[in-house]
A.B. asks: 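Have a look at the structure that comes next, please.
All values below were derived from every heavy atom in this structure, side-chain atoms included, with hydrogens, water molecules and symmetry-related copies excluded. Chain naming here is simple, since letters A, B, ... match the order of the sequence lines and numbering starts at 1 in each.
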There are 2 protein chains.
Amino acid sequence: MSDANAQYGFNGKNFPCATELSISLLAGRWKMTIIWKLREDKKRYGELKSSIPGITHKMLAQQLRELEEIGIVRRYVYPVVPPKVEYELTGLGLGLLPILDRLNEWGEHFRLPDREGILSNR
Amino acid sequence: MSDANAQYGFNGKNFPCATELSISLLAGRWKMTIIWKLREDKKRYGELKSSIPGITHKMLAQQLRELEEIGIVRRYVYPVVPPKVEYELTGLGLGLLPILDRLNEWGEHFRLPDREGILSNR
DNA sequence: CGGCATCCCAAATGATACTG
DNA sequence: CAGTATCATTTGGGATGCCG
């Protein structure tokens with residue numbers, strides 16, 4: 001029973017509404033972080049990995065491949081040994097940045113009190 | 001081992017970046033849809049349910065409660081029999097609408113070809 | 001160095017049924 | 001009409017190891 005009214009879709013995800021599709025494309029655990037890290041420069045796989053505390057090897061590789069499939073990032077492979085691979089945002093990915101800025105502002109509503117008070121408490 | 005650098009959080013979700021928190025708050029399977037449906041008027045539970053094809057009773061109730069907790073929707077209970085409950089966007093929820101518009105535009109990149117051609121195919 | 005496969009667990013979602 | 005609870009299923013993500 002497929003969704004006969006789906007008008008927006010990508011790779012098996014289908015929605016009647018473009019917004020829902022967008023969110024579902026961005027919803028992976030690390031996708032936003034990765035896009036964020038690539039907002040200025042392209043980066044090597046290892047650079048990305050060490051700039052994202054807590055991400056696992058598997059997830060970084062997997063999410064990058066999904067972002068690549070979607071068309072948000074582009075992958076450059078240098079034919080050298082040992083391998084060197086760089087990732088950068090595509091036009092589609094760059095188009096996301098202003099939206100992320102807005103989401104960032106919206107998220108300010110949930111800022112937690114900082115901990116200086118606790119750390120310096122007496 | 002908690003994330004000592006988390007600065008944005010809500011109800012157990014914690015991130016160092018406001019954007020990531022925002023996405024995680026909106027990432028539920030039906031949250032965007034519900035917000036979208038409430039963008040103009042408040043609606044009764046049953047209205048929402050029948051306006052969202054495929055959503056289950058459980059998920060609608062659950063996602064509504066999460067949206068309420070976050071502060072995106074407000075719930076009005078009329079003390080009548082049978083029960084009558086209405087939901088509407090709060091100020092925080094309304095603040096999301098312009099962002100959703102942008103995500104909607106971005107999602108246009110993934111519009112599928114419509115099916116008139118198929119349906120009217122000979 | 002970077003990619004991929006496998007196994008496993010936890011979280012999210014769906015189906016169904018019961019309640020005021 | 002609207003809300004909860006329970007159980008089954010699916011999905012996402014973490015750990016680990018092997019490969020070119």
A.B. asks: L60(A) CG to dG2(C) P: how many Å, rounded?
C.D. replies: 10 Å
A.B. asks: Check for me whether the distance between the ring centres of H57(A) and Y45(A) falls short of 6.0 Å.
C.D. replies: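 Distance test on ring centres: under 6.0 Å, yes.
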A.B. asks: For the atom pair NZ (K42(B)) and CD (E86(B)), what is the distance rounded to the nearest 0.5 Å?
C.D. replies: 4.5 Å
A.B. asks: Quick one: side chain to side chain donor-acceptor pair (under 3.5 Å) partners of S22(A), sequence neighbours excluded?
C.D. replies: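 Per chain and number, S22(A) pairs via side chain to side chain donor-acceptor pair (under 3.5 Å) with no residue.
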A.B. asks: Take atom CD1 of I55(A) and atom P of dG2(C), then tell me their distance rounded to the nearest Å.
C.D. replies: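 Answer to the nearest Å: 14 Å.
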A.B. asks: How long is the straight-line distance from OG of S24(A) back to CZ of F15(A), given to the nearest 0.5 Å?
C.D. replies: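 The OG atom of S24(A) is 4.0 Å from CZ of F15(A), to the nearest 0.5 Å.
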A.B. asks: If we count only N and O atoms by modelled type, under 3.5 Å, do the side chains of Y8(B) and E20(B) hold a donor and an acceptor together?
C.D. replies: no
A.B. asks: Identify, with sequence neighbours excluded, every residue that meets side chain to side chain contact (heavy atoms under 4.5 Å, CB included) alongside K43(A).
C.D. replies: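 Here the qualifying residues are K37(A), L38(A), E47(A), L48(A), S51(A).
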A.B. asks: Please name all residues satisfying side chain to side chain donor-acceptor pair (under 3.5 Å) with Q63(B), sequence neighbours left out, ordered by chain then number.
C.D. replies: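 Side chain to side chain donor-acceptor pair (under 3.5 Å) list for Q63(B), sorted by chain: empty.
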A.B. asks: Give me the bend of the helix from dC1(C)-dG20(D) to dG20(C)-dC1(D), using the axes of the five pairs at each end, rounded to 10°.
C.D. replies: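 Computed angle between terminal axes is 40°.
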A.B. asks: Can you pull out the residues from residues 19-51 of chain A that lie within a 4.0 Å heavy-atom distance of DNA chain D?
C.D. replies: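 Within residues 19-51 of chain A, the residues near DNA chain D are G28(A), R29(A), W30(A).
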A.B. asks: Who are the ring pair (Phe, Tyr, Trp, His ring centres under 6.0 Å) partners of F10(B), not counting sequence neighbours?
C.D. replies: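 For F10(B) the ring pair (Phe, Tyr, Trp, His ring centres under 6.0 Å) partners, ignoring immediate neighbours, are F110(A).
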A.B. asks: Within this structure, what is the CZ-to-C1' distance between R65(A) and dA5(C), rounded to whole angstrom?
C.D. replies: 12 Å
A.B. asks: Any base atoms under 4.0 Å from Y78(A), or only sugar-phosphate, or nothing? Heavy atoms, all strands.
C.D. replies: nothing
A.B. asks: Return the set of residues passing side chain to side chain contact (heavy atoms under 4.5 Å, CB included) with K58(A) (not counting sequence neighbours), or none when no residue passes.
C.D. replies: T56(A), Q62(A)
A.B. asks: Please name all residues satisfying side chain to side chain donor-acceptor pair (under 3.5 Å) with T19(B), sequence neighbours left out, ordered by chain then number.
C.D. replies: N104(A)
A.B. asks: Counting just side-chain N and O atoms, does Q63(B) come under 4.0 Å of either OP1 or OP2 of dT13(C)?
C.D. replies: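 Yes, such a contact exists.
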A.B. asks: Using the side chain to side chain contact (heavy atoms under 4.5 Å, CB included) criterion, which residues pair with R75(B)? Sequence neighbours excluded.
C.D. replies: E68(B), V77(B), V85(B), Y87(B)
A.B. asks: Looking at residues at least two apart in the chain, or sitting in another chain, which of them share a salt bridge (charged side-chain N to carboxylate O under 4.0 Å, His left out) with E88(A)?
C.D. replies: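 For E88(A), the residues satisfying salt bridge (charged side-chain N to carboxylate O under 4.0 Å, His left out) (neighbours in sequence not counted) are R74(A).
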A.B. asks: Salt-bridge test for R102(B) and D101(A): reply yes if a basic N is under 4.0 Å from a carboxylate O, no otherwise.
C.D. replies: no
A.B. asks: When you list every nucleotide of DNA chain D with an atom under 4.0 Å from a heavy atom of chain A, which one comes first 5' to 3', and which comes last?
C.D. replies: dG13(D) to dG20(D)
A.B. asks: Produce a footprint string for nucleotides 15-20 of chain C: one letter per nucleotide, 5' end first; B if the base is under 4.0 Å from any protein heavy atom, S if only the sugar-phosphate is, - if neither.
C.D. replies: B-B--B
